[in-house]
Amino acid sequence: MSVWPTDARQKQSQSSTTPNHKWLKEGILWLLLLLPIGSYGIVTLQRSPREQINQQPLYKGITYSRLIRQQPRPQIIHLFEIDLSADGLRPFVTPGIDPSRANDKGEIRHTLAQRTPDFLQEHSLQLAVNANFFYPFEENAPWNYEPDPGDRTSIIGTSISEGERISWVHPRYSSLCFLEQKAQIIWQENCPPGTQQAVSGQPLWLGDTAPPEEMAFVVDKLLSDKAYPLTLAALNQKGDKLWLLVSDGKQPLYSEGTTIKDATVLLKELGAATALQLDGGGSSTAVIEQNDQPQVINAVMHAKVPGNERPVANNLGFYALPLQP
């Protein structure tokens with residue numbers, strides 16, 4: 001018997017299915033290409049509009065401003081002004097974990113990594129920002145980074161939560177120490193007795209003269225021309241007014257970032273006397289409570305994904321009363 005008809009049928013079957021398979025493969029390829037673009041477009045539409053806001057009251061003792069700048073680059077700066085003497089206003093810092101449990105390298109871990117919106121919601125806060133620098137940290141790709149939420153992390157510099165010391169002062173860092181209805185920023189020293197909450201960051205110099213010699217190296221290192229997402233904290237001379245500055249960055253045409261030099265000029269214009277830099281970059285996050293839900297105010301950028309919030313080792317939050325009707 002000849003096999004020719006069978007071969008012919010097989011060839012006919014293959015020719016009839018091949019175009020369908022090709023169309024399916026091309027469709028999947030286009031879907032994979034367009035999905036990230038579509039997702040990015042959705043996220044960019046959810047960012048805060050480039051519209052100026054001047055001292056909008058959020059809660060009792062807390063106002064919010066959104067500063068828009070075009071020169072020398074597109075910038076969006078989120079600024080919270082906090083009256084530490086306001087009734088019902090109270091700071092709160094990420095609680096620690098059992099410090100006796102070190103990892104296999106003998107490194108002490110202080111806290112569990114947590115996204116700032118989750119921190120605000122868990123503790124029923126009204127305002128929260130990221131705080132201390134920390135480790136371990138790695139950011140290679142959206143699917144390859146650490147820490148994950150719940151991972152054990154180490155805090156750099158001072159951290160105190162509800163009067164309990166979580167981590168100790170770092171010789172090149174400043175501490176933001178909260179006392180009763182006021183705060184202090186202290187360089188290279190422990191917080192005063194009675195400090196209930198504290199976080200730490202790299203020192204900024206707002207004085208009109210040169211900084212002290214031992215601080216100059218750190219300050220000069222920070223005063224670069226690199227525009228970056230920032231989280232800064234600053235106090236007035238009396239210590240009863242706190243500014244939290246969070247700038248967006250890494251997003252061309254929307255907000256490319258702020259330099260430390262430009263940020264310190266702004267803080268001095270506001271009346272700040274002392275300041276420090278908290279963790280920045282993809283860690284920079286500002287969240288408020290709205291209708292019992294966390295609302296991220298700034299345009300976060302973690303693991304190269306817009307709108308993606310980074311788990312951090314330490315957060316600083318505030319309880320505040322609602323505004324009067």
Side-chain angles (χ1 to χ4, degrees), residues 53-67 77-95 116 119-120 123-132 157-166 169 173-187 189-201 203-204 206-207 230-246 263-264 266-279 285-289 297 314-324:
I53 295 177
N54 295 315
Q55 293 190 315
Q56 175 184 339
L58 294 180
Y59 307 100
K60 193 170 184 178
I62 300 178
T63 63
Y64 167 69
S65 299
R66 185 194 299 144
L67 309 180
I77 298 173
H78 307 271
L79 189 67
F80 298 91
E81 185 175 307
I82 302 171
D83 180 1
L84 297 176
S85 64
D87 292 340
L89 193 134
R90 184 168 67 89
F92 181 76
V93 172
T94 299
T116 308
F119 166 75
L120 178 138
H123 300 286
S124 301
L125 299 158
Q126 278 62 60
L127 168 65
V129 297
N130 67 292
N132 296 48
T158 301
S159 178
I160 297 174
S161 179
E162 299 291 76
E164 179 183 351
R165 180 171 293 279
I166 309 301
V169 65
Y173 279 56
S174 293
S175 300
L176 171 58
C177 313
F178 290 94
L179 301 163
E180 187 67 28
Q181 294 191 317
K182 64 178 182 178
Q184 297 180 26
I185 292 180
I186 301 174
W187 160 250
E189 296 180 13
N190 290 321
C191 288
T195 298
Q196 291 300 301
Q197 316 290 331
V199 295
S200 184
L204 300 179
L206 303 185
L230 298 175
T231 302
L232 308 180
L235 290 171
N236 65 349
Q237 189 67 47
K238 190 176 177 181
D240 60 355
K241 182 180 291 186
L242 171 71
W243 289 274
L244 295 175
L245 183 155
V246 178
T264 53
L266 172 60
L267 292 174
K268 290 176 68 174
E269 291 174 351
L270 292 170
T274 55
L276 56 77
Q277 178 189 5
L278 300 170
D279 193 11
T285 310
V287 191
I288 64 169
E289 176 266 322
I297 293 296
N314 207 24
N315 287 291
L316 168 63
F318 293 87
Y319 295 101
L321 297 176
L323 298 170
Q324 294 292 337

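All values reported here derive from a predicted model rather than from experimental measurement. Residue numbers run from 1 in the order of the sequence given. These values consider heavy atoms only, across backbone and side chains, with no hydrogens, waters or symmetry-generated copies.
In this structure, the side chains of Lys60 and Asp87 come closer than 4.5 Å at one or more pairs of heavy atoms. Within the 4.5 Å cutoff, the side chain of Ile77 has heavy atoms near those of the Leu245 side chain. Considering only heavy atoms from C-beta on, Tyr59 comes within 4.5 Å of Ile288 through its side chain.
A pairwise comparison of heavy atoms in Val93 and Val199 identifies CG2-CG1, 3.8 Å as the closest pair. Between Asp83 and Leu89, the shortest heavy-atom contact is O-CD1, 3.8 Å. Contact between Leu206 and Thr264 at its shortest, heavy atoms only, is CD2-CB, 3.8 Å. Shortest non-hydrogen contact noted between Gln237 and Ala273 is OE1-CB, 3.4 Å. The shortest heavy-atom contact between Ala233 and Ile185 is O-CD1, 4.0 Å. Nearest heavy-atom pair across Ile186 and Pro192 is CD1-CD, 3.5 Å.
In this view, Glu180 satisfies the side chain to side chain contact (heavy atoms under 4.5 Å, CB included) rule with no residue, not counting sequence neighbours. Under the side chain to side chain contact (heavy atoms under 4.5 Å, CB included) criterion, Lys182 pairs with Leu179, sequence neighbours left out. By the side chain to side chain contact (heavy atoms under 4.5 Å, CB included) test, Glu162 pairs with Arg90, Phe92, Gln197, sequence neighbours left out. By the salt bridge (Lys or Arg N to Asp or Glu O under 4.0 Å) test, Asp240 pairs with Lys238, sequence neighbours left out. Partners of Thr63 according to the side chain to side chain donor-acceptor pair (under 3.5 Å) rule, which considers only residues two or more places apart in sequence or in another chain, do not exist here. In this view, Phe80 and Tyr64 satisfy the ring-ring contact (aromatic ring centres under 6.0 Å, His included) rule, not counting sequence neighbours. Take Trp187 and apply the side chain to side chain donor-acceptor pair (under 3.5 Å) test, not counting sequence neighbours, and it matches no residue. Residues satisfying the side chain to side chain contact (heavy atoms under 4.5 Å, CB included) test with Thr158, not counting sequence neighbours, are Ile160, Arg165, Val169, Ser175, Cys191, Ala198, Ser200. When the side chain to side chain donor-acceptor pair (under 3.5 Å) test is applied to Asn190, no partner is found at least two apart in sequence or on another chain.
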Residues Leu120, Glu289; criterion side chain to side chain contact (heavy atoms under 4.5 Å, CB included); working and verdict: CA-CA 7 Å; Leu120 178 138; Glu289 176 266 322; 4.0 Å; yes

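The line from CD of Gln277 to CG of Leu230 is 6.0 Å long, rounded to the nearest 0.5 Å. In this structure, the separation between CD1 on Ile62 and CG on Leu84 is 9.5 Å, given to the nearest 0.5 Å. Taking CG from Asn132 and CG from Leu278, the interatomic distance works out to 7.0 Å, rounded to the nearest 0.5 Å. Gln196 contributes atom CD, which lies 9.5 Å from atom OG of Ser161 (distance to the nearest 0.5 angstrom). Within the model, atoms OG of Ser174 and CD of Gln184 stand 12.0 Å from one another, a figure rounded to the nearest 0.5 Å. Within the model, atoms CG of Asn236 and CH2 of Trp243 stand 5.0 Å from one another, a figure rounded to the nearest 0.5 Å.
With a 6.0 Å radius and a threshold of 12 heavy atoms from other residues, nucleotides or ligands, Gln56 has its CD atom above the threshold.
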Using atom types as modelled, flag every donor-acceptor pair under 3.5 Å from a side chain in residues 315-324 to any protein atom, sequence neighbours excluded.
residue, atom, partner, partner atom, Å
Asn315, OD1, Thr116, OG1, 2.7
Tyr319, OH, His123, O, 2.9

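The residue from Ile82, Leu242, Leu267 that alone fulfils the side-chain contact (heavy atoms from CB on, under 4.5 Å) condition with Leu235 is Leu242. Shown are Asn130, Thr285, Asp279; of these, the side-chain hydrogen bond (donor to acceptor under 3.5 Å, both in side chains) with Thr231 is made only by Asn130.
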